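Below is one structure, written out as C-alpha cells; the observations come after it.
None of these values were measured; they are calculated from a predicted model. Order of listing sets the numbers, starting from 1, for every ligand and every atom in it.
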Amino acid sequence: MSDRATLLARLQEGRDWDLAVIGGGAVGLGVALDAAVRGFSVALVESHDFAQGTSSRATKLAHGGVRYLAQGDIGLVREALHERTALLHNAPHVAQRLPFVMPAYQWWERGFYGAGLKMYDALAGRQGLGGTEWLGAARTQTLLPGVNMHGPGGVHGRLHGGVRYWDGQFDDARLALLLARTALARGALVLNHCAATGLLHENGQVRGVQVQDRETGAAASLRARCVVNAAGVWVDAVRAMDRVAEAAAPPPMVAPSQGVHLVVDRAFLPGDHALLVPKTTDGRVLFAVPWLGKTILGTTDTPRQDLAREPAPFAEEVAFILGESARYLARAPQRSDVRSVWVGLRPLVRPQGDSSDTKALSREHTVLVAPSGLVTVTGGKWTTYRSMAEDVLARAMARGLLPHKPGGVTAQLALLGSAPGRPLSEPPGEHLYGSEAAALRQLPGATNWLWRDAESGRGALSEAMVRFAVRFEMARSVEDVLARRCRVLFLDAAEAARLAEPVAAIVAEELGHGRPADVTDFQALAAQYQRLP
Ligand SMILES: Cc1cc2nc3c(=O)[nH]c(=O)nc-3n(C[C@H](O)[C@H](O)[C@H](O)COP(=O)(O)OP(=O)(O)OC[C@H]3O[C@@H](n4cnc5c(N)ncnc54)[C@H](O)[C@@H]3O)c2cc1C
C-alpha cells in the first residue's frame, strides 16, 4: 500500500479528486483521514517528511491547556479536553495519560492552583483522567524525586507541598505516521517528499494543485474540486500561489512563534510524573516531562519572522530553560547535560493590528475560504487536530466545494496498531508499535539492537525497526528513520550521529539502492541538535 512507485503512479493518473491537501502535519493528515473515511477521494502531498515541520517538535502533551483556562478561554479548554479523550482512546500505543505535579513553595500556591485544576477536572467531567489532589511536601517529593526541596533559589524557603493533576502525552511524529498510514488504508493517497509548487485555476477558482516529486523531479497536476492548504507556518506561501484569483497578495495569516526544548537524562526527573511550573520568573510556563526514557525541558515562546525548516535556538531561550530548571530541580542541568535541542515554530494566527507578544495570541485555529475557494487552515494545536479537520470539511461543504457527508466519523476510529501500550515515559521500543509489534518481530534483525537505552539496557532501536520504517512507514532517508520513525535524534543527537551509517546501510538495502546514501547532511543536522548557542 505504501510502495512509493505505486503511489507516484496513482498521483499521475490524471483523475479528478474530491480533495487535494497540501501539508502532511497533524492538520493536513487529520483532514485527509477524515475525508477518506467519509468516502471522499483525497490526495495529500507533503513537501518534506510527514511531521517534519512543527508536528514532530511539540512538547507532546495531549492537553486541555491549563494555561488557557487561566486566560479564561473556557471553550478552547473544553474542546481540547474532549479531543484529548479521543486521542488517548484511538491510539493508546502512542498516546497515554500522564500525571503532573505542580510544586508549591509559598503557602497560597497549593490552594490557588489546586482550585483552578479542580475547575479543569469539572470541565473534563466524565472524560477526566484522574482527580486533582493536594499533596503534602513528603508526597510531592515521593512523586517527583527530582524536585528541589529548598525552593527556587532558596528565596521562598522550603517545599510546602504540591498539586497533582492529570493530562495526556503522546509521540507526535509517530502519531502523524499513524494518521498517514490509516488514511492510506482508508483509500487516501498520501505522499511525502512531494511538494505543491502551484495552484491550478479555472475562471478564478482553484481547481487543483501542481506537485513535484522531490526525489525524481517528476511533476503532476492534481485536479480537485476542493484544495486545502494545511501548510502550518508556511500557509502564507501557499496563499501567495493563489494570487491569480486575488487582486493583491493577501495579508499574512500566521505570526510564527518559536519554542525550544532541551532533552536531558531521566536522572534529572526520575519517576513517572511530569513537573509543571505555572509561573516562572517572567510569567511563563515550564514543563519537565518524562518521555521515552529521557526528560524534556521546555518551552519558550519567541516571535520569529523567518520560517526556517530547522530553526536554531536563541541563547536567551536556552539560558531561560536551564536557569528555570535549576530553580525547580534538585540537580541543576548544565549545558553539557543536554542530549538534544530541538526547535518548533507555532503557527499562531495573526491578530488584527500587530502584536509582538506571541504569548497573548490565540491558540485557536482559523479556517479561511478565499474567494478562489482555496481553504486555508492554521493555528490550533496537535491535541485538537481532529476537530480542526472536521471544521475544515464543514466549511468546504458549507461553501459547496464538496457535497455534504455527515461528520463525526473519526471520533472513535482506532488508528493502525491501536492497542494498550507501555508508559511513554519508558525508553522507545516495540511497545510503540502496538498490535503491529508482531509483524515487526517477523522482520530480519528483530533482535539485532543498534541502540540500547543506557540506563535500563533495554533495546530501543533494532535493525527490524529500520526495515519496518522503510517498508511500511514510508521512510526514505536516514533522517526520516532517526528523527521521526524512531526518535533518536530528538532523544540523543550524538547517538543519532553514531547510528547514521549503520542505518543508512539498512535503508539502502530496503530501498534496493546499490550503496548507502551519503550521511554528511544528516551528521550536520545531528550536530545542530547537539549545539547550544
Ligand atoms: C514548541 C511547541 C510546542 C508545542 N506543544 C504542543 C503540545 O504539547 N500539545 C499540543 O497539542 N500542541 C503543541 N504544539 C502545537 C502543535 O505542534 C501544532 O499546532 C501542530 O503541530 C501544527 O500542525 P500543522 O499540521 O498545522 O503544521 P505542520 O506540522 O508544520 O505541518 C505543515 C506541513 O506542511 C508542509 N508544507 C509546507 N509547504 C508545503 C508545500 N508547498 N507543499 C507540500 N507540503 C508543504 C510542511 O513541510 C509541513 O510538514 C506545540 C508547538 C510548538 C511549536
Task: Centroid-centroid distance, Phe490 to Trp291, less than 6.0 Å - done: no
Open item on the list: I need the Asp480 CG to Asp49 CG distance, nearest 0.5 Å.
Closed with: 3.5 Å
Task: Identity and separation of the nearest protein heavy atom to atom 52 (C) of ligand 1 - done: Arg346 CG, 3.6 Å
- [ ] Around atom 26 (O) of ligand 1, find the nearest protein heavy atom and jot down its residue, atom name and distance.
- [x] Val27 CG2, 3.4 Å
Look only at interatomic distance and state if [X] has a nitrogen or oxygen under 3.5 Å from any nitrogen or oxygen of ligand 1.
{"X": "Thr54", "value": "yes"}
{"X": "Thr383", "value": "yes"}
{"X": "Gly344", "value": "no"}
{"X": "Ser47", "value": "yes"}

With a 4.0 Å cut-off on N to O distance, would you call [X] and [Y] a salt bridge?
{"X": "Glu13", "Y": "Arg10", "answer": "no"}
{"X": "Arg239", "Y": "Asp236", "answer": "yes"}
{"X": "Glu310", "Y": "Arg57", "answer": "yes"}

Open item on the list: Considering Arg214, Gln52, Arg57 one by one, which has a heavy atom nearer to atom 2 (C) of ligand 1 than any of the others?
Closed with: Arg57
